[in-house]
Novice: 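Take a look at this one; I'll ask things after.
To find a chain, count down the sequence lines: A is the first, B the second, and so on, and within it residues start at 1.
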Amino acid sequence: MGEGLGVRDGRGVVSVTVNETLPLLVLASSLIPGLVIFSLPEERHGLRRAFNLTGAVLKLLFIAIMLWGVLHGESYVFRYSVLPGLELVFKADALALLFVTLSAVLWFFTTLYAIGYLEGSPHRSRFFGFFSLCVTATVGVAMAGNLFTFFVFYELLTLSTYPLVVHRGTPAALRAGGVYLAYTLTGGAVLLAGVVWLYGLLGQVEFTQGGVASTLGPEYAGQLRMIFFLLIAGLGVKAALVPLHGWLPQAMVAPAPVSALLHAVAVVKAGAFGIVRVVYEVYGVEFAQSLSLLVPLAVVASLTIVWGSLRALFQDDLKRRLAYSTISQVSYIALGVALFGPVGTLGGIVHLVHQGIMKITLFFCAGNYAETLGIHKVSDMDGVGWRMPWTTAAFTIGALGMIGVPPLAGFISKWYLGLGALEAGMPWVLAVLAVSTLLNAAYFLPILHRAWFRPQTAPWPAENIPMKNGRETAWLLLLPPLVTAAATLLVGLFAASPLSPLDWAKLVAAREYLNWAP
Amino acid sequence: MSGLDWLSAIFLLVGAAFFLAGTVGLLRFPDVYTRLHALAKADNLGLGCIVIGLLFQADSLAAALKLVLVWLLALAASATVSFLVAHRAWRRGIAPWRADEPGIRRHDES
Amino acid sequence: MPRFPLRALFWRGALFAVLWWILAGGRADSWGVGLVSVALALAASLALLPPRGNLPSWRGLAEYLAFFLAQSVRGGVQVAGMALRPRLDLHPGVLEIMLRLPDGAGRVVLANTLNLLPGTLSVGLEGARLRLHVLDTRRPVAEEVRVAERHVARMFGLRLAA
Amino acid sequence: MTMDLSALNQLLAVFLLANLVLALWRVTRGPTPADRLLAALLFGTTGVALLLLLAHAGGGMALVDVALVFALLAAITGTAFSLRAWRREEDDERP
Amino acid sequence: MLDPLPWLILLPLFWATLAFVRGPGRGGRLAVAGLLLQLALAGGLARQVAGEGERVYAVGGWGAPLGIDLAVDGLSAVMLLLAQAVALPLAVYARAYYAAHEEGARYFWPLAGALLAAMNALFLAADVFNLYVTLELLGLAAVGLVAASGGAGPVTAALRYLMATLLGSGAYLLGVALLYGAYGSVSLSILAPLLGADAPLAVFLAAALMLLGLMLKTALFPFHFWLPPAHGGAPAPVSALLSALVVKASFYLILRLWLDLFAPLATVAAAQLLGLLGAAAILWGSLMALAQTRLKMLVAYSTVAQIGYLFLLFPLATDTGSVASASAIQGGVMQALSHGLAKAAMFAAAGTVILSLGRDDIARLGGVSSRLPLTLFTFALAGVTLMGLPPSGGFTAKWLLMSSAMHSGQWGWVVVMILGGLLAAAYVFKVLRQAFLPVEAGTQFKPVPRLLEWPAFLLALASLLLGLRAGEVLGLLGAG
Amino acid sequence: MSAGLLYALAGAALFAFGVAGLILRSHPLRKILAFNVMGSGAFLVLVGLGQRDGTADPVPQAMVLTGIVVSIAATALALALARRQREHGNDKEERDA
Amino acid sequence: MNLAFDLLLIAALLWSAGRALTTPDLFRAVVLFIVFGLLMALAWARLDAPDIALAEAAIGAGLTGALLLDALGHLRGPVRRKSGLIAPSTVMSSEGAGPPAFPTYFLNGLAIVLAVALGLALAGALLLLPEPAISLPREVAAAMDASGVAHPVTAVLLNFRGYDTLLEVAVLWLALLGVLAVAGGRAPGRAPVTPRSARASLKVPRLLARVLAPLALLVAGYLLWAGAHQPGGAFQAGAVLAAAAVLLNLAGLLPGGATPRWVLRAGLGFGLLVFLAVAAAVMGQGVLLQYPPAWAGALIMLIETGLTLSIGLTLAGLFLALSGASRQ
């Protein structure tokens with residue numbers, strides 16, 4: 001570590017401990033490969049692949065160490081002072097690790113998938129460079145220890161995803177990129193206003209249990225409500241809360257791995273994660289409740305859930321249908337957060353992981369259809385299950401999970417959300433969940449029906465990868481969805497076991513609701 | 001005032017009178033050539049008179065000669081510039097004023 | 001003139017030295033810079049106006065000056081009279097005269113001199129042809145020009161053409 | 001130098017300045033550029049006289065140097081005028 | 001060991017003169033060597049200031065009020081560092097640029113040296129008349145650089161620039177005259193304690209004239225009319241120098257006068273007016289940038305907009321001594337620094353594109369992303385600073401300004417800054433998106449030397465990383 | 001009123017003239033004249049104001065000497081630019097013709 | 001009597017300046033401006049500032065006039081390019097364009113109102129101004145003994161505020177750089193056209209130039225020498241030198257051109273280099289430009305000599321680079 005990184009003690013000596021370096025190493029394990037990849041010539045495929053995968057594996061390794069450490073009571077904090085009173089803080093707490101783990105695991109598989117997906121296409125150095133930067137930003141968002149650090153990486157995420165969205169360079173892609181930027185940068189600006197305002201009031205906004213804002217007296221209630229509105233509006237853009245969701249369906253022009261990453265891990269999830277952080281650790285859930293901020297949030301989330309599902313019903317384009325589904329599903333997280341009470345929290349936070357696994361499965365599969373057979377539309381999917389059984393099987397698991405069929409991941413989320421709603425005294429949320437589930441079924445089941453039970457009526461739009469030795473598509477494309485589909489199944493089945501996402505979520509909830517024991 | 005002072009004053013006054021004449025000529029004369037006559041002759045004589053007038057007031061020989069030097073330089077400049085301006089005016093076709101034909105015209109058109 | 005123009009060098013040097021003396025007001029401490037300046041001026045002068053061998057004659061110069069002074073007083077008085085008279089009484093016209101001076105500085109000095117003499121203004125000088133603007137065509141200008149020409153020729157030690 | 005002469009010098013300076021101001025009329029009046037320039041030339045000679053008078057009216061002998069520079073450079077304006085500025089119709093070459 | 005203070009002025013003059021004597025187009029290597037040394041000197045001076053605080057240097061040993069004083073404090077040390085740090089990579093860039101593109105190369109080095117000398121002298125001056133001379137030196141050098149390529153556009157632009165800068169320095173000079181008339185001295189250190197709120201009218205007029213003149217030179221809206229053609233029309237190394245440094249020099253002087261000299265006269269209304277003009281500059285400049293079809297014009301208008309941020313500090317810094325005021329000044333200086341680095345990088349990148357592509361229509365940049373990735377990346381990184389996104393210096397600047405606005409309850413400026421950031425994003429991405437298009441048929445990309453791409457990249461990187469080292473910069477700023 | 005103050009007042013007026021001329025007139029040559037008039041005005045204020053009490057003050061005089069040299073420098077540069085601009089205009093006219 | 005003189009002079013100054021800026025004819029404007037310059041020299045003479053009067057006489061009357069008149073030959077006539085600070089819609093030359101559009105009209109009105117307000121405010125401010133607290137002339141007088149020269153203005157210019165002068169010499173040199181860059185950047189134009197009529201009339205100015213140039217050298221030397229104890233100095237001397245060069249060029253005896261050879265370039269940079277070298281060398285003993293008292297006079301003389309040469313060359317260069325290099 002160079003001079004200036006790390007904490008200067010009184011004598012100006014720089015001391016960096018292992019516990020401080022680990023968060024940095026997690027960041028560096030994708031940042032450095034990203035930067036190296038940028039400078040690699042286009043044709044150095046092998047070297048690039050090696051960098052990518054080494055980075056991904058290293059990151060998983062570092063995270064594993066931290067997971068182990070956190071379980072054993074270690075704390076991982078790194079601080080770097082940018083300005084007096086303004087620090088970059090990386091902290092590996094339970095919530096952070098939940099998200100970091102999710103993104104690292106999914107990054108690994110998405111990388112594999114992307115290597116297969118982009119085989120032979122141009123500008124791969126650029127693509128993987130930004131891809132790595134994007135993950136770096138996500139990790140930064142996850143491990144941010146204060147609102148400032150969160151904001152820094154939140155904006156970095158915007159910038160590093162833009163080149164991925166416009167990667168194809170078509171006018172449609174550029175248009176979509178423009179819309180994407182317009183939304184996210186405006187959101188970022190609104191968020192910044194909220195952040196600066198809050199810093200002005202507090203002098204620092206470290207993420208803390210019970211919320212830092214709760215230290216302010218009642219005379220600040222009005223200002224704090226305004227700030228809350230700004231923060232949620234800024235985060236809501238990425239989290240695709242209605243009516244700030246307009247960019248997401250447009251961004252579907254991006255290559256499938258990008259969509260997968262955007263929806264499951266990076267952009268959307270960063271917004272949702274931010275909402276979690278703001279409600280729990282900036283305001284504190286009790287304080288937020290006392291400012292009566294939670295009910296409106298729940299209402300917005302519910303509206304988004306219903307609206308997204310409704311819109312999804314009418315999309316023929318598979319990826320667009322999935323996109324609207326994302327809008328709907330991600331709001332479960334916000335909903336869970338808005339439900340006052342530990343059980344709702346559990347539902348929301350566990351959905352952070354579950355939705356990621358399920359949705360990435362679905363996008364991998366959608367990418368497979370498009371890449372292998374040129375299928376982009378639901379109406380072209382008749383009989384595809386028999387041409388691509390493995391892919392369709394994975395898709396089926398993901399879809400059923402989304403609907404909430406037990407014992408899949410989605411069921412766990414919905415169950416706790418329902419319980420949480422009752423606990424919070426908002427029974428109307430149950431109705432929302434019910435309607436949403438019905439709608440989920442209404443837009444997923446027809447797909448499954450077409451894939452499995454309808455015969456192929458027309459030739460595939462463009463069969464790019466022929467059937468070879470019984471392999472329906474390239475193995476790099478097939479492996480990732482199968483793994484994530486299996487995960488969907490496993491996290492549901494073994495939800496009660498230690499180290500499962502639900503278990504971690506309980507850890508988080510226990511931090512927020514101090515006198516609650518799961 | 002001493003006699004020398006009187007002499008000085010007279011020269012100065014005469015010089016001023018020439019300057020006045022030059023100016024009046026500049027204002028009254030009908031064309032550029034005649035005005036040049038007025039300037040080149042009256043003013044230089046005026047300057048000469050003033051220089052002579054001031055010679056009587058000079059502190060030293062060198063100072064006096066410097067005044068004369070100034071006059072000589074002015075003379076040279078004046079003579080040269082008069083020529084150049086008149087020449088150029090002629091080249092540009094400006095005809096001299098004639099008593100029987102007042103007004104400006106080009107000499108190559110008449 | 002292949003011979004090193006020692007005489008010209010001396011006279012011009014003396015002239016510049018005198019001029020310096022005038023400029024510096026006779027101060028003795030000025031001669032350090034003064035000598036350098038005089039030398040430079042002398043060099044410039046030799047480069048710009050290479051001496052032609054024949055020095056101006058002192059007598060010619062004196063006569064010329066006397067003539068010039070007298071005539072310019074006359075010229076000034078004449079013009080002043082014309083300017084200040086209540087009614088303008090001008091009879092201008094243009095006159096061309098073939099000069100008898102040889103080509104060179106002499107002609108220019110003459111043309112310039114005429115500008116300061118009564119009633120004449122040089123308008124053009126091409127070769128030997130001198131074009132004059134005269135203030136009063138009724139006066140014998142041509143004769144006066146000849147007189148002036150003679151004075152200039154004598155001062156420069158030149159011979160007039162026939 | 002007596003007081004009276006100094007006063008006379010001053011008076012004449014004012015007189016010459018008035019002369020100059022009068023001559024400005026010719027600058028605006030023209031009609032040809034040459035006529036306008038004449039006024040500027042007048043400023044050369046009259047200005048020199050003025051400076052000499054000012055110098056002897058208590059302005060300090062340095063003003064004689066100013067007059068000297070004036071006279072030395074007086075020709076430049078007229079020369080630049082007739083050789084550079086007033087030459088838009090060079091083509092009207094006369095025989 | 002050389003005393004850095006006088007040598008920062010003498011050295012560029014030396015190499016400028018020697019470059020001139022060596023002949024047209026020569027002297028690049030000399031300049032780079034000189035700038036290296038200057039950078040070291042500026043660093044040494046900064047260290048001195050950080051260690052020992054403010055320093056006054058009496059030229060000729062006379063001292064004010066008879067002689068001229070030079071003075072260096074944190075602010076000037078920071079600006080000096082910026083100037084050398086920007087100029088050095090640009091000099092390397094310019095050598096490569098003019099090797100490929102000879103137009104305007106004839107007297108670039110001497111002019112650039114004089115420009116640097118003027119700037120350093122300006123940052124060090126503590127005498128209002130001496131400042132006038134440095135301003136003129138700076139202005140003429142800048143105009144000469146703009147005009148040096150001799151094309152129709154640049155010459156017209158240079159003429160307009162010259163008139164503007166002359167009007168500006170004329171007003172400034174009259175202000176100096178009034179100050180001298182009022183107090184009998186032109187030394188800042190002598191004048192400062194004499195000025196009070198009860199100053200005679202002439203002093204108020206002097207303040208107004210000097211500030212107005214400098215605003216004209218800084219191209220603050222609505223005095224920005226001269227800037228876009230001049231900065232957009234000049235050769236890229238020149239545009240970079242001008243946009244990055246020259247406007248900052250006059251801004252520095254405004255700040256210096258406002259804080260050190262005219263503080264007792266400064267009224268809230270005047271400060272608000274400056275802020276409003278700044279806000280108008282941000283919005284108008286950004287909108288105009290967005291409307292441009294030529295790359296360099298876009299970048300030039302972006303300068304108009306970015307200058308606006310600098311002036312937001314005045315309404316925020318009225319309550320001197322408060323936290324809000326301190327962070328406003330810090331924010332303003334950070335903005336000057338980060339914009340300097342970023343804009344130099346951006347113009348340099350634009351120049352590289354033009355050299356390679358032979359044109360600068362924004363609509364026809366297709367393929368730049370694949371053929372000149374590093375240059376595009378440079379442009380984008382610089383853009384990040386302009387947008388004020390983290391972790392760039394631009395972000396730190398905006399953060400400081402915003403928190404100052406929040407502290408002093410002046411919400412309006414926050415809205416302006418947010419809007420400005422979004423508009424900046426709009427025009428930066430307007431360029432970037434075109435670069436992602438495929439190569440246009442019939443387009444030839446000339447290969448460009450690395451020395452053209454890397455200096456620009458380093459500048460952009462510096463502007464980005466400046467945000468992370470802001471603490472040290474502000475520490476130095478506070479040292480004097 | 002001392003001569004110094006009188007000339008300073010004249011300088012103020014000249015400065016205002018110059019400013020108006022610089023803004024209002026569009027021909028470059030005219031702007032150059034205006035700028036020079038403006039500069040002369042400022043010089044007069046500087047020197048005139050400095051010697052309100054009637055004694056010569058060498059400091060502003062030296063400053064004005066500096067200023068005059070700067071003025072001529074700027075004037076020459078401006079003229080060069082104006083002439084170059086005009087040549088471009090003429091070239092354009094030739095091309096258009 | 002003095003008051004009458006001053007009032008008359010000021011009236012003439014204001015009138016000529018005002019007319020120079022308002023008269024529709026460019027030539028008239030230039031002549032009026034030249035007149036203005038001469039009047040300014042008189043004003044300086046009246047203000048006890050013979051140094052400035054000398055400079056104004058040499059630069060204002062000689063060089064600026066020549067520069068403007070030379071440029072006039074190239075800048076008159078109709079032109080279609082616009083270059084206004086505010087009023088871009090009016091035509092350049094004869095300036096008799098059609099009625100300006102409303103915004104122009106409005107802005108022009110505004111500018112006039114502002115200028116008048118500025119003038120009035122300045123006048124008021126000047127009249128209200130009390131005497132200054134600090135008297136620099138006293139300080140100058142006290143330090144004269146240590147300055148190395150006997151003339152206060154020179155002491156200020158080369159010693160007390162020598163640093164200003166150093167930068168100002170750089171300004172001058174810089175302007176020449178700019179002019180060379182602009183004038184020399186073009187493709188080699190046609191040779192300067194001297195029409196036959198002009199050639200025929202060159203004899204007369206040639207003689208004058210041949211006689212005056214050595215004299216100018218002498219006067220320049222005198223002014224340089226004089227600077228140490230009376231009005232004069234490097235600027236005035238340099239300006240006189242330059243004026244001589246201009247006269248030679250006008251008479252066709254000195255070619256113009258915008259690409260100086262290296263000897264010339266060395267000469268142009270010489271003064272600045274000498275100044276810089278002295279400034280730097282004395283730092284060994286003290287600070288920048290701190291002359292050892294015993295050496296002050298000699299060092300100032302050295303600097304002034306270098307400056308005279310460089311300033312002369314530079315000022316002349318400003319004219320020569322433009323003259324002749326331009327096409328008709």
Side-chain angles (χ1 to χ4, degrees), chain A residues 4-5 8 35 38-39 42 80-88 122-123 125-126 129-130 140 148-156 158-159 162-163 165-171 173-175 177-178 180-182 184-193 195-201 203 223, chain E residues 323-324 327 330 334 366-367 369-370 373-374 376-377 380-381 383-384 387-392 395-396 398-409 411 414-415 417-422 424-426 428-430 432-439 467-475 478:
Chain A
L5 288 176
R8 275 167 189 272
L35 294 179
F38 273 124
S39 54
E42 192 58 37
Y80 173 77
S81 174
V82 175
L83 287 176
L86 200 59
E87 290 181 321
L88 279 177
H123 309 320
S125 274
R126 190 176 83 201
F130 283 114
F148 169 70
T149 315
F150 178 86
F151 175 77
V152 168
F153 284 92
Y154 190 79
E155 292 289 67
L156 183 61
T158 306
L159 293 177
Y162 172 79
V165 173
V166 300
H167 179 73
R168 292 219 164 101
T170 58
L174 290 174
R175 211 166 30 246
Y180 173 66
L181 276 178
T184 48
L185 286 177
T186 312
V190 173
L191 180 62
L192 176 62
V195 173
V196 177
W197 194 343
L198 204 54
Y199 265 82
L201 293 183
Q223 286 195 47
Chain E
V323 180
S327 79
Q330 292 175 342
M334 271 311 281
S369 74
S370 51
L374 186 61
L376 186 70
F377 197 47
L381 284 187
V384 168
M387 290 181 247
L389 293 183
S392 67
F395 170 72
T396 317
K398 232 182 243 182
W399 176 277
L400 287 164
L401 286 170
M402 275 189 181
S403 33
S404 168
M406 298 271 184
H407 266 295
S408 53
W411 298 97
V414 178
V415 176
M417 279 185 261
I418 286 181
L419 274 179
L422 291 177
V428 169
F429 278 101
K430 177 184 168 173
L432 294 183
R433 70 183 293 256
Q434 293 299 328
F436 278 102
L437 287 173
V439 184
L468 295 178
R469 310 289 283 192
E472 291 169 19
V473 176
L474 296 182

Novice: Below 4.5 Å from any heavy atom of chain E, which atoms of A:Leu86 appear? Answer side chain, backbone, both or neither.
Specialist: side chain
Novice: Show the nearest heavy-atom pair for residues E:Arg433 and A:Arg175, with the distance to one decimal.
Specialist: NH2-N, 4.1 Å
Novice: Identify which part of E:Leu468 has an atom lying under 4.5 Å from any heavy atom of chain A, answering side chain, backbone, both or neither.
Specialist: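 For E:Leu468, heavy atoms of backbone and side chain both lie under 4.5 Å from chain A.
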Novice: Identify the heavy atoms of E:Pro438 and A:Gly169 that sit nearest to each other, and give their distance.
Specialist: CD-O, 3.6 Å
Novice: Under 4.5 Å from any heavy atom of chain A, what part of E:Leu437 do you find: side chain, backbone, both or neither?
Specialist: both
Novice: If I measure from the heavy atoms of chain A, does E:Val415 come under 4.5 Å with its side chain, its backbone, both, or neither?
Specialist: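 No part of E:Val415 comes within 4.5 Å of chain A.
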Novice: Working to the nearest 0.5 Å, report the span between NE2 of A:His167 and CZ of E:Phe436.
Specialist: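 Between A:His167 NE2 and E:Phe436 CZ, I get 9.5 Å after rounding to 0.5 Å.
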Novice: Considering non-hydrogen atoms only, spot the tightest contact between A:Leu83 and E:Gly471 and give its length.
Specialist: CD2-N, 4.2 Å
Novice: With rounding to the nearest 0.5 angstrom, report the CE to CG distance, E:Met387 to A:Leu181.
Specialist: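 The CE atom of E:Met387 sits 8.0 Å away from the CG atom of A:Leu181.
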Novice: What is the minimum heavy-atom distance between E:Met406 and A:Ala193, and which atoms define it?
Specialist: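 Where E:Met406 meets A:Ala193 most closely, the heavy atoms are CE-O, 3.5 Å.
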Novice: Only counting residues at least two apart or in another chain, list the ones meeting ring pair (Phe, Tyr, Trp, His ring centres under 6.0 Å) with A:Phe148.
Specialist: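 A:Phe148 satisfies ring pair (Phe, Tyr, Trp, His ring centres under 6.0 Å) with E:Phe395, E:Trp399 once adjacent residues are dropped.
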Novice: Who wins among A:Phe153, A:Phe151, A:Trp197 for the most heavy-atom pairs under 4.5 Å with chain E?
Specialist: A:Trp197
Novice: Looking at every heavy atom in both E:Gly467 and A:Val82, which two are closest together, and how far apart are they?
Specialist: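 Scanning both residues completely, I find the closest heavy atoms to be O-CG1, 3.0 Å.
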Novice: Is E:Ser369 in contact with chain A via its backbone, its side chain, both, or neither, using a 4.5 Å heavy-atom distance?
Specialist: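 Both parts, backbone and side chain.
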Novice: So which part of A:Tyr154 gets closer than 4.5 Å to some heavy atom of chain E, the side chain, the backbone, both or neither?
Specialist: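 For A:Tyr154, there is no contact with chain E at all, as no heavy atom is under 4.5 Å.
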Novice: Just so I understand: if I count every heavy-atom pair under 4.5 Å between each of A:Thr186, A:Leu88, A:Val195, A:Val190 and chain E, which residue has the most?
Specialist: A:Thr186
Novice: With a 4.5 angstrom heavy-atom cut-off, which part of A:Pro122 approaches chain E: side chain, backbone, both or neither?
Specialist: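 Contact with chain E involves no heavy atom of A:Pro122 at all.
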Novice: Give, as side chain, backbone, both or neither, the part of E:Leu400 having an atom under 4.5 angstrom from any heavy atom of chain A.
Specialist: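 Contact with chain A is through the side chain of E:Leu400 alone.
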Novice: Provide the closest heavy-atom pair for E:Ala425 versus A:Leu185 in the form atom of the first, atom of the second, distance.
Specialist: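 Scanning both residues completely, I find the closest heavy atoms to be CB-CD1, 3.3 Å.
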Novice: Measuring heavy-atom distances to chain E, does A:Leu156 have an atom under 4.5 Å in its side chain, in its backbone, in both, or in neither?
Specialist: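 Nothing of A:Leu156, per the 4.5 Å heavy-atom cut-off to chain E.
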Novice: If we only count heavy atoms from C-beta on, is the A:Arg126 to E:Pro373 side-chain gap below 4.5 Å?
Specialist: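 No, their side chains stay 4.5 Å or more apart.
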Novice: I want to check something: taking the side chain as every heavy atom from C-beta on, are E:Phe429 and A:Leu174 in contact at a cut-off of under 4.5 Å?
Specialist: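 Counting from C-beta outward, E:Phe429 and A:Leu174 never come under 4.5 Å.
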Novice: For the atom pair NE2 (E:His407) and OH (A:Tyr199), what is the distance rounded to the nearest 0.5 Å?
Specialist: 12.5 Å
Novice: Can you tell if the side chain of E:Val414 reaches within under 4.5 Å of the side chain of A:Val196, non-hydrogen atoms only?
Specialist: no
Novice: With A:Tyr180, which residues qualify under side chain to side chain donor-acceptor pair (under 3.5 Å), at least two apart?
Specialist: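 Side chain to side chain donor-acceptor pair (under 3.5 Å) list for A:Tyr180, sorted by chain: A:Thr161.
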